[in-house]
Amino acid sequence: GEDVEQSLFLSVREGDSSVINCTYTDSSSTYLYWYKQEPGAGLQLLTYIFSNMDMKQDQRLTVLLNKKDKHLSLRIADTQTGDSAIYFCAESIAGQKVTFGIGTKLQVIP
Amino acid sequence: GAGVSQSPSNKVTEKGKDVELRCDPISGHTALYWYRQSLGQGLEFLIYFQGNSAPDKSGLPSDRFSAERTGGSVSTLTIQRTQQEDSAVYLCATSGAYEQYFGPGTRLTVT
């Protein structure tokens, strides 16, 4: 079955770049997502990428997709304390169940 | 516009009692998911409804857990004979084309 794996914890200093990594097993995945969950809040879609893309950039966020290795990463440039949250990687095939990773807790040290 | 709503927002129950959690999806969203998130933990998939297809119940942790979705809209998650380890935030999410929209969750505390 589908599986999405990501590391549990990442700590960075304010101003540095953060890179959160994710691997998935389903080569048929069509959509790959990053969700953000701030403390005490629900999950919100941060960004997504279609499987026919290699990279997507949105302001401080860069998503890189390596389909050959089934590896997805999220880079946050100039990380701020407000970026402290849990980041969830997810994948789906169009119209089918979305599978989430366990979440990576990002701690930003002032 | 209206998002996914869940009720109650908080529920405290005694061990052994049954509880029902409700999810009102975004109108027109055919897919509905239930997840569980224990304190400081990741998402645990419970059940997935897609249109009129048979639900994917592969994530339900025991036969004390069940869920229904009436008329392709409102869903209820029922936990029978609650145990302390059932304490968690229960999240509902619905999706249309590709993005999932999450409700605020129901925080369940079993005493």
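These numbers come from the heavy atoms of this one structure, side chains and all, not from hydrogens, waters or symmetry mates. Every chain is numbered from 1 and lettered A, B, ... according to where its sequence line falls, protein lines coming before strand lines.
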State yes or no: do [X] and [Y] share one hydrophobic cluster built from I, L, V, M, F, W and Y residues joined by side-chain heavy-atom distances below 4.5 Å, directly or via other members?
X: A:F50; Y: A:L45; result: yes
X: B:I26; Y: B:F49; result: no
X: B:Y33; Y: B:L60; result: no
X: A:I49; Y: A:I20; result: yes
X: A:L106; Y: A:L61; result: yes

Q: Could you tell me whether A:D69 atom CG has more than 12 heavy atoms of other residues or ligands within 6.0 Å of it?
A: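 Result for CG/A:D69: enclosed.
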Q: Name the region of B:L91, side chain, backbone, both or neither, that has any atom closer than 4.5 Å to a heavy atom of chain A.
A: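 Side chain only.
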(Q) Which atoms of B:S58 are under 4.5 Å from chain A, going by heavy atoms: the side chain, the backbone, both sets, or neither? (A)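 Looking at B:S58, just its side chain touches chain A.
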Q.
Does A:Y33 form a side-chain contact (heavy atoms from CB on, under 4.5 Å) with B:Q100? I'd like the steps, not just the answer.
A. CA-CA 10 Å; A:Y33 312 83; B:Q100 283 199 315; over 6 Å; no
(Q) Counting the benzene-type ring for Trp, do B:F102 and A:F100 have ring centres under 6.0 Å apart? (A)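 Distance test on ring centres: under 6.0 Å, yes.
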Q) How close do A:F88 and B:Q37 get, heavy atom to heavy atom, and via which atoms? A)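 Distance-wise, the nearest heavy atoms are CZ-NE2, 3.8 Å.
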(Q) Minimum heavy-atom separation for A:K97 and B:Y48, please, with both atom names. (A)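 The pair with the smallest heavy-atom distance is N-OH, 3.4 Å.
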Q: Counting only heavy atoms closer than 4.5 Å, note whether A:Q44 contacts chain B via side chain, backbone, both or neither.
A: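 For A:Q44, neither part sits under 4.5 Å from chain B.
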